[in-house]
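Each ligand, and each atom within it, is numbered from 1 in the order the structure gives. Count residues from 1 along the sequence.
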Amino acid sequence: MKQDRKYFLKQLGSGLLVAGLPAVAFAKNDQVKMIDADDFNAEGAATDEKFWKQIAKKYYHLDGDYINLENGFYGIQPKPVLQAFQKNVVKANAQAARFARKDYPGIAAAAKKELAAFLGVSDEEIIITRNATEALNIAIQGYPFKQGDEVIIHQLDYFSMIETFRMLEKRGEIHVKEFEMPLLPKSEDEIVELYRKLITDKTRVILLTHVSNINGLIVPVAKIAAMAKERGVDVMTDSAHALGQIKFSVKELNSHFIGMNLHKWIGNPVGAGILYVKKERIKEMNALFGDMSAAETSISKLAHFGTTPFAVIMTIPTSLAFHQQLGVERISARLHYLKSIWVNELMQHPGVEVVTPAAENLSCGIASFRLKNKTSAEVADYLFKEHNIFTVSRTLGKDGCVRVTPSVYNSLDDIKKFIAAVKMLSAL
Ligand SMILES: Cc1ncc(COP(=O)(O)O)c(C=O)c1O
């Protein structure tokens, strides 16, 4: 029985999954053997340093020579995931074309099914892409815009999606309307009202960056989408930073087009993204990569990719398994806690400007700040050179900002060192 508990992921009723979705049963396989369910039995409260330290020590291989507060680029693979990935690389390499032609299609289809179950959608509504940028490009460039259609974006959206819409505008296909999103909105309703006022008869699509990569702002996707729907407007949702970091249900987002990735907060190796398109919307989409063989109503028509990264896709079930074991509720609570510690302290500090709202429904683990007397690049450089604390400066207006992104393997100590370092710099 002990073995079973170790080798199978228990279908716990809570804390495992994206909101309200059933837990996914994972096949007994070598890849999940290193995940010991007993390690995850404790409540694992956000403030329980002992629990999080033990998870970090046992499941993450960290180069302990610096404090990594730049986990927004991509996440470190937990050890069981890295081990599965390494095995998968070796297997695909050793067995070469025989593997790719005979075994891989079934393995990839099974991984896709598990991913769809994790997201609570049909596997006929998703495709696995290389990343979120590719996913959203397929959605944006495949959307049946008519000349003169208007798209709404803002300065906190991800630059690659802005670029794609601007490219379509340059080709004369659409008009892009960019507005200034407040950095510190007071409520979800304030954001919904902003969009309501911006919609015109020409508006066809709103780009919604679920969690901003610049300041971590969470926008109320479902509420905006419901309001937009009443006006006949679609939303395209960029959930690259939301999937795995905050609790949400794909279906309840009300969004018919969603791009995500698995290498930020799910812990999969770099190179897998997801495009979700609601079943009844597939027919009207144009394919970015030519495919005349798939049915017009089949999501496969959007996924003519050529050779894909076998091992990355094969590892998806293991990364989902680990992520489920930790649970999105525990993860998001921990990240929010670590963020709140530094935000609450530094926002009181003269010379520091925090540019992320504090409210739990408007922010997650990512938050940003700037110092009144230094450029953001100078701040990030100083933190790294003088204190071995790695953050990143981001473009935001003329002053920029420094983005701080803890992960589950960061400790309260890391955050305290970061706070002390910023205070020291602001006094210089
Ligand atoms: C909000 C947001 N959208 C999209 C992306 C792009 O993700 P990917 O690297 O998977 O294309 C990022 C990456 O940082 C992001 O922060």
Side-chain angles (χ1 to χ4, degrees), residues 68-77 115 119 126-141 151 153-167 178 181 183 191 205-221 224 235-246 248 250 253 255 257-276 288 302-303 305 308-309 312-313 315-316 319 335 339 355-356 362-368 380 390-396 400-407:
N68 184 5
L69 292 179
E70 202 325 55
N71 295 287
F73 190 165
Y74 63 92
I76 292 175
Q77 295 167 53
L115 185 55
L119 298 170
I126 59 165
I127 56 173
I128 297 177
T129 60
R130 283 178 300 174
N131 49 49
T133 303
E134 185 171 70
L136 284 156
N137 260 272
I138 294 168
I140 296 167
Q141 297 198 57
V151 171
I153 62 168
H154 60 74
Q155 88 285 13
L156 298 180
D157 287 322
Y158 193 66
F159 74 100
S160 304
M161 314 323 153
I162 295 179
E163 292 286 307
T164 308
F165 281 121
R166 291 281 182 208
M167 179 181 81
E178 181 164 352
M181 173 68 86
L183 298 179
I191 302 174
V205 164
I206 296 173
L207 171 65
L208 290 181
T209 304
H210 199 162
V211 171
S212 167
N213 69 300
I214 297 173
N215 73 339
L217 173 71
I218 301 177
V219 297
V221 174
I224 299 166
V235 300
M236 278 187 191
T237 306
D238 174 352
S239 294
H241 261 303
L243 184 66
Q245 190 194 176
I246 61 169
F248 71 97
V250 167
L253 282 187
S255 177
F257 311 93
I258 306 172
M260 295 163 268
N261 67 35
L262 295 166
H263 45 243
K264 288 193 190 295
W265 296 102
I266 296 294
N268 201 61
V270 171
I274 309 161
L275 172 64
Y276 162 82
L288 183 61
L302 304 178
F305 292 131
T308 48
V312 171
I313 291 168
T315 308
I316 291 173
S319 53
L335 298 180
K339 184 278 304 285
V355 293
T356 303
L362 297 174
S363 67
C364 49
I366 304 172
S368 302
F390 195 59
T391 56
V392 66
S393 69
R394 302 280 77 185
T395 304
L396 177 63
C401 62
V402 179
R403 183 180 75 186
V404 181
T405 314
S407 189

*Asks:* Considering only protein heavy atoms, which is closest to atom 13 (C) of ligand 1, and at what distance to one decimal place?
*Replies:* Lys264 NZ, 2.9 Å
*Asks:* Ignoring angles and geometry beyond distance, decide whether Gly72 reaches within less than 3.5 Å of ligand 1 through its nitrogen or oxygen atoms.
*Replies:* no
*Asks:* Should you measure from each heavy atom of Asn261, which atoms of ligand 1 turn up under 4.0 Å away?
*Replies:* 7 (O), 8 (P), 10 (O)
*Asks:* For Val211, which part has a heavy atom under 4.0 Å from ligand 1: side chain, backbone, both, or neither?
*Replies:* backbone
*Asks:* Run through Ile258, Leu208, Val235, Ile224 and flag the one making a side-chain contact (heavy atoms from CB on, under 4.5 Å) with Leu253.
*Replies:* Ile258
*Asks:* Out of the candidates Ile127, Leu115, Thr129, only one should pair with Ile274 under the side-chain contact (heavy atoms from CB on, under 4.5 Å) rule; please name it.
*Replies:* Leu115
*Asks:* Under a 4.0 angstrom heavy-atom cut-off, which atoms of ligand 1 come close to Thr209?
*Replies:* 1 (C)
*Asks:* Please report the interatomic distance CG(Asn261) to CG(Leu243), rounded to the nearest 0.5 Å.
*Replies:* 7.5 Å
*Asks:* Without swapping roles, check the side chain of Asn215 against the backbone of Ser212 for a donor-acceptor pair under 3.5 Å.
*Replies:* no
*Asks:* Atom 11 (O) of ligand 1: which protein heavy atom is closest, and how many Å away?
*Replies:* Thr133 OG1, 2.5 Å
*Asks:* Examine the proximity of ligand 1 to Ala240 and report which part, side chain or backbone, both or neither, has a heavy atom under 4.0 Å away.
*Replies:* side chain
*Asks:* Answer yes or no: are there more than 12 heavy-atom neighbours, outside Arg130 itself, under 6.0 Å from its atom CZ?
*Replies:* no
*Asks:* In the protein, what heavy atom is nearest to atom 3 (N) of ligand 1, and what distance, to one decimal place, separates them?
*Replies:* Asp238 OD2, 2.6 Å
*Asks:* Give me the residue, atom name and distance of the protein heavy atom closest to atom 15 (C) of ligand 1.
*Replies:* Tyr158 CD1, 3.3 Å
*Asks:* So Leu183 and Leu217, do their side chains get closer than 4.5 Å, heavy atoms only?
*Replies:* no
*Asks:* Can you tell me which residue and heavy atom of the protein come closest to atom 9 (O) of ligand 1, and the distance to 0.1 Å?
*Replies:* His263 NE2, 3.7 Å
*Asks:* Relative to the heavy atoms of Met161, which atoms of ligand 1 are at a distance of less than 4.0 Å?
*Replies:* 4 (C)
*Asks:* Would you find more than 12 non-hydrogen atoms of other residues, nucleotides or ligands less than 6.0 Å from Phe305 atom CZ?
*Replies:* yes
*Asks:* For Thr209 and Asp157, does a side-chain donor sit closer than 3.5 Å to a side-chain acceptor?
*Replies:* yes
